[in-house]
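Notes follow the structure.
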Amino acid sequence: MKTEDIAKFAQTCFQGSPTIVLGSGASMPHGLPSMGALSDYLCDKLETVGQAEEDAWLLVRTALANGDHLEAALEGKALPDTLLAKIVGLTWQCVNEKDTALLGLAASNGGEFALGRLLSRMFNSNLREIHVVTTNYDRVAEFACNSKGVLFQTGFAPGYIQKWESTGGVKFRHGSKASRVVKIWKVHGSLDWFRTADERTVGLPVFELPPAEYTPLIVTPGFNKYETTSQDPFRTIINGADDALKTASAFLCIGFGFRDLHIHPKIIERCREKNVPIVVLARTLTDEAKDFLKTKAGTNYMGVEMSGTGSRVYRPKAPDGVEVDTADLWSLPGFNNLVL
């Protein structure tokens, strides 16, 4: 397979103004933790109190030790509320430590965000909105927008104490025209979203965990995941993400494992119905991502993962992948080099 052919398909995706889907693999190049690193952090830091917490956490630790990823280890287990609160708090701390460090880098020299470069170039067109759908809690997408002076919305009105308003309630204008804006649909919450003791939803742009009366609004894998996301702000965010996915003219998936039932069924539906072009980039494609490409992505797809010093590319004519010598095709900077 020639690099020219790979670049041609990448251009087809880019010219389709893709809806961008970010998984944890999109944040890891910026120092954010992988799911494996988060698992290790929880195992090292979590301290149980009482027999109920101890028994429940033992089941999770055993599953992790047997090779399950964190999502699988927590799935289907009814955890005590006290244990779940500890998992949420420690997850927030683990991700926030790296997120804070990234903020320092971004503020000191502007940072280098391939996503920001991509978004900025996508707006060199008649586009007014770009949709980014992500399962990540971190603020990499927000920092990337900042790096190029691009406006974004996550569902909260601007300010230090941000009121939940759903993405679209606040309108930005540049002169007489509506401003171009990136709508970031964070379906599992964000480090700066909290529920107050009196059941209000607020955004606080903080980098330290607020007092106990503020509960982080992040959805961890596990038994109550889909129950939690049936409530606002998650319900509104997921509905918005669904609309973005159902109307997408193309998809660019970066570091997304295709393990989340909030997102990938809509991608499958769109690819089957309209056969829209889709590019899936990952350092290592998950088994679920490979199965999606091979059996559910239609006939207009490309998947790319790292392979040695080169890359492995999956296309309809090479569903099991073919080796190419070109390095970094699997990364977003590599994709940018093909299309920008």
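Positions are given from 1 along the sequence.
- The existence of a salt bridge linking K86 and E53 is confirmed by a sub-4.0 Å separation between a basic side-chain nitrogen and an acidic carboxylate oxygen.
- When the salt bridge (charged side-chain N to carboxylate O under 4.0 Å, His left out) test is applied to R200, the partners found at least two apart in sequence or on another chain are D198.
- Salt-bridge check for D320 with K294: passed, with a basic side-chain N closer than 4.0 Å to an acidic carboxylate O.
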- Task: Check step by step if side chain to side chain donor-acceptor pair (under 3.5 Å) holds for H188 and D260.
- Result: CA-CA 10 Å; H188 291 171; D260 192 273; 2.9 Å; yes
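- Listed here is the closest heavy atom pair of C94 and Y41: CB-CD2, 3.5 Å.
- Not counting sequence neighbours, T284 has no partner by the side-chain hydrogen bond (donor to acceptor under 3.5 Å, both in side chains) test.
- At distances below 3.5 Å, not a single donor-acceptor pair connects side-chain atoms of Y137 with backbone N or O atoms of W92.
- In this structure, L102 and F113 have side chains that are in contact, with non-hydrogen atoms separated by less than 4.5 Å.
- Judged by distance alone, with hydrogens and angles left aside, the side-chain atoms of S190 form no donor-acceptor pair with the main-chain N or O of W193 at under 3.5 Å.
- Scanning for side chain to side chain contact (heavy atoms under 4.5 Å, CB included) contacts around S17 gives L127, with sequence neighbours left out.
- Taking each heavy atom of F172 and Q153 in turn, the nearest pair found is CE1-CG, 3.6 Å.
- Judged as a side chain to side chain donor-acceptor pair (under 3.5 Å), the pairs with a partner in residues 325-340 (not counting sequence neighbours) are, in order, T3-T326.
- The salt bridge (Lys or Arg N to Asp or Glu O under 4.0 Å) contacts involving residues 278-293 comprise R259-E288, K290-E305, D291-K296, where partners must be two or more places apart or lie in separate chains.
- At least one side-chain heavy atom of L329 sits under 4.5 Å from a side-chain heavy atom of V324.
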- Message: side chain to side chain donor-acceptor pair (under 3.5 Å) for R195 and T201? Distances and angles first, verdict last.
- Response: CA-CA 5 Å; R195 178 72 41 77; T201 297; 3.2 Å; yes
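- The main-chain N or O of M122 is found under 3.5 Å from a side-chain atom of S125 such that the two form a donor-acceptor pair.
- Aromatic ring pairs are classed by plane angle as parallel below 30°, tilted from 30° to 60° and perpendicular above 60°; the pair H131 and W185 is parallel.
- Side-chain contact between L115 and C145 is absent, with no heavy atoms from C-beta onward closer than 4.5 Å.
- The side-chain hydrogen bond (donor to acceptor under 3.5 Å, both in side chains) search around K98 returns none, not counting sequence neighbours.
- More than 12 heavy-atom neighbours from other residues, nucleotides or ligands sit within 6.0 angstrom of CG on D44.
- Checking side-chain atoms of T295 against main-chain N and O of F292 turns up no donor-acceptor pair under 3.5 Å.
- T236 contributes no side-chain N or O that, together with a main-chain N or O of D232, makes up a donor-acceptor pair within less than 3.5 Å.
- For residues 266-276, the set of pairs meeting the side chain to side chain donor-acceptor pair (under 3.5 Å) definition, not counting sequence neighbours, comprises N275-T299.
- Between L285 and L293, the closest side-chain pair of non-hydrogen atoms falls below 4.5 Å.
- Looking at D99, its side chain never comes within 3.5 Å of a backbone N or O of L32 through a donor-acceptor pair.
- Under the 4.5 Å side-chain criterion, counting only non-hydrogen atoms from C-beta, V304 is not in contact with V280.
- Judged as a side-chain hydrogen bond (donor to acceptor under 3.5 Å, both in side chains), and not counting sequence neighbours, S311 has no contacts.
- With a 4.5 Å cut-off on side-chain heavy atoms, T247 and T19 do not count as touching.
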- Task: Tell me, with the steps shown, if I87 and W57 meet side chain to side chain contact (heavy atoms under 4.5 Å, CB included).
- Result: CA-CA 10 Å; I87 292 173; W57 188 236; 4.0 Å; yes
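- In terms of modelled atom types and a separation under 3.5 Å, the side chain of Q15 and the main chain of T12 share no donor-acceptor contact.
- Residues forming a side chain to side chain contact (heavy atoms under 4.5 Å, CB included) with S307 (at least two apart in sequence, or on another chain): R312, E323.
- The aromatic rings of H264 and F258 sit tilted relative to each other, their planes meeting at an angle between 30° and 60°.
- S27 meets the side-chain hydrogen bond (donor to acceptor under 3.5 Å, both in side chains) test with N136, D138; sequence neighbours excluded.
- When every heavy atom of W164 is checked against every heavy atom of T154, the shortest pair comes out as CZ3-O, 4.3 Å.
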Can you give the donor-acceptor pairs under 3.5 Å from side chains of residues 206-214 to other protein atoms, not counting sequence neighbours?
none

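- Under the side chain to side chain contact (heavy atoms under 4.5 Å, CB included) criterion, A73 pairs with V60, A63, L64, D68, sequence neighbours left out.
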